[in-house]
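Take a look at the structure below.
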Amino acid sequence: MTIATWNVNSIRTRLPRLLAWLERRRPDIVCLQETKVEDERFPVAELGGLGYRTLACGEKTYNGVAILSRSPGTDIVRCLPDDGADAQRRILVTTIDGVRIVDVYAPNGGELGSPRYAYKLEWYRRLRAFLAAAFDPGQDLVLCGDLNIAPDERDVWDPEQWRGQVMCSEPERECFRALVGWGLTDALRMHQPEAGGLYTWWDYRAGAFRRNRGLRIDHILLSPSLAKRCSAVLIDREERKGARPSDHAPVIAAIP
DNA sequence: ATGGCTACTCCTAGTAGA
C-alpha cells in the first residue's frame with residue numbers, strides 16, 4: 001500500500017489540485033490536515049468520483065483532519081479522549097486494511113512562552129498518553145501528519161536563524177522524540193539518514209520555495225512491523241509548484 | 001535590497017498559519 005500525508009491548507013481551495021494529484025499518484029490512503037471545513041461541507045462526492053471514501057473530522061475556519069481511502073475504515077476515533085466536546089479538530093484514527101492510521105494536525109504553538117505554545121506542549125503530552133493507552137507498538141500502525149516540529153538541524157534551512165524558534169525549540173523536539181521513543185520510526189530518515197535540504201513546508205513569502213528555505217515538519221512515523229516493510233518515502237515537491245499551491249508538500253510512503 | 005503570502009470570516013480588517 002501507499003500512504004500519504006498532506007496539509008492542504010483548505011480542502012475547498014485545494015480541491016482541484018487534490019483531485020489531479022490523486023489521479024496522478026493513486027495513493028491507497030491519504031491523511032489530510034487543515035481542511036478548514038465542517039463535515040457537512042466536505043467535498044465527499046467529488047472524492048467519491050475518484051473511488052475514495054472520506055472520513056472527516058473538521059470545523060469551520062481552523063484545523064480539521066480527514067482520511068481518504070480506497071478501502072473502508074473501521075474503529076474510528078475522533079479527537080483525544082480528554083478533549084472536550086468543543087475541541088479543536090486535530091486527530092482522526094481509523095483502521096484500514098488491518099493498519100491502524102493516526103492522522104494528526106499538531107498545534108502551531110504561536111510564540112515561545114505564549115499560551116498557544118503551552119497548549120502545544122500539553123497537547124503533545126496528551127497525544128503521547130493516548131498512544132500509550134489505546135495502541136501497541138507491536139501492531140501495524142502509522143502516525144502521520146503535520147506535526148509542526150522540525151526534529152533536528154538537518155530539517156531546517158537555516159538552523160541559526162531558527163534556533164529556539166517555534167517548531168525548533170528543545171521542548172518541542174523532546175515531544176517528537178517521545179513519539180519515536182514509544183516505538184515509532186521516522187520513515188523519511190530511515191531512508192535518508194543524513195541528507196539536508198529535505199523539507200515539507202516553505203513560507204509563501206520571500207520566494208522561500210524557489211530558494212528551498214523550508215522546514216521538515218510533516219512526518220510519517222511507522223511501528224516496527226511497518227518500518228520493516230517500508231521500501232521508499234517521497235516528498236512530493238512538485239505539489240508545491242504551480243498555481244495556488246498549499247504551503248506544504250505531500251509526503252508519501254510505499255509499504256508493499 | 002533580507003522583504004516579498006495566503007486563507008479564513010455573518011468578509012473589505014483582523015486573525016492565523018509556520
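Convention: sequence-line order gives letters A, B, ...; per-chain numbering from 1. Computed from heavy atoms alone, side chains included, the values below leave out hydrogens, waters and symmetry copies.
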Distance, [atom1] atom - from [M] to [N], rounded to whole angstrom:
N	M	atom1	answer
B/dC10	B/dG4	P	28 Å
B/dC11	B/dT15	P	15 Å
B/dT12	B/dA1	P	39 Å
B/dG14	B/dT2	C1'	26 Å
B/dA13	B/dG3	C1'	22 Å

Here's a test of your reading of the structure: between A/Arg244 and A/Asn63, which maps to the more 5' nucleotide of DNA chain B?
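Comparing both residues, the 5'-ward one is A/Arg244.
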Where each residue is assigned the nucleotide of DNA chain B containing its nearest heavy atom, which of A/Arg12 and A/Gly110 is assigned the position nearer the 5′ end?
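Final value for this comparison: A/Arg12.
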For atom [atom1] of [X] and atom [atom2] of [N], their distance in whole Å:
X	N	atom1	atom2	value
A/Asp247	B/dA16	CG	P	17 Å
A/Arg90	B/dA18	CZ	C1'	12 Å
A/Asn9	B/dA7	CG	P	6 Å
A/Tyr62	B/dT9	OH	P	9 Å
A/Tyr119	B/dA16	OH	C1'	15 Å
A/Lys60	B/dA16	NZ	P	16 Å
A/Leu15	B/dC8	CG	P	12 Å
A/Asp203	B/dG4	CG	P	10 Å

N/O to N/O distances under 3.5 Å, protein versus nucleotides 11-13 of chain B:
none

Between the base of B/dG4 and the side chain of A/Arg210, is there any donor-acceptor pair under 3.5 Å?
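When only heavy-atom distances are counted, A/Arg210 does not reach the base of B/dG4 through any donor-acceptor pair under 3.5 Å.
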Looking at [X], I'd like to know whether one of its side-chain N or O atoms comes within less than 4.0 Å of OP1 or OP2 on [N].
X	N	result
A/Ser10	B/dA7	no
A/Tyr105	B/dA16	no
A/Arg205	B/dA18	no
A/Lys36	B/dT9	no
A/Ser246	B/dT6	no

Looking only at heavy atoms, what is the nearest atom pair of A/Ile149 and A/His219, with distance?
O-NE2, 2.9 Å
Would you check if the side chain of [X] reaches a backbone N or O of [Y] as a donor-acceptor pair within less than 3.5 Å?
X	Y	result
A/Ser10	A/Thr13	yes
A/Tyr124	A/Pro107	no
A/Arg14	A/Asn9	yes
A/Arg163	A/Cys168	no

May I ask you to establish whether A/Arg100 and A/Phe135 are in a cation-pi arrangement, using a distance under 6.0 Å from NZ or CZ to the six-membered ring centre and at most 45° from the ring axis?
no
Do A/Asp236 and A/Ile252 pass the side chain to side chain contact (heavy atoms under 4.5 Å, CB included) test, and can you show the C-alpha distance, the side-chain angles, and the key distance before you say yes or no?
CA-CA 7 Å; A/Asp236 196 353; A/Ile252 309 171; 4.2 Å; yes
Determine the contact category for A/Gln165: base if any of its heavy atoms lies under 4.0 Å from a base atom, sugar-phosphate if only primed atoms, P, OP1 or OP2 are that close, otherwise nothing.
nothing
For A/Asn7, answer base if it contacts any base atom (sugar-phosphate contacts may also be present), sugar-phosphate if it contacts only those atoms, and nothing otherwise; contact means non-hydrogen atoms under 4.0 Å.
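Sugar-phosphate contact only.
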Let's see if you can work this out: which of [options] has an atom nearest to the side-chain heavy atoms of [X]?
X	options	value
A/Asp146	B/dA7, B/dT2, B/dA18	B/dA18
A/Thr61	B/dA18, B/dC5, B/dT9	B/dT9
A/Ala206	B/dA18, B/dT6, B/dG4	B/dG4

A/Trp201 and A/His248 aromatic ring geometry - parallel, tilted or perpendicular at 30°/60° bounds
tilted
Distance, nearest 0.5 Å, that separates OG1 of A/Thr54 from CG of A/Leu68
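The CG atom of A/Leu68 is 5.0 Å from OG1 of A/Thr54, to the nearest 0.5 Å.
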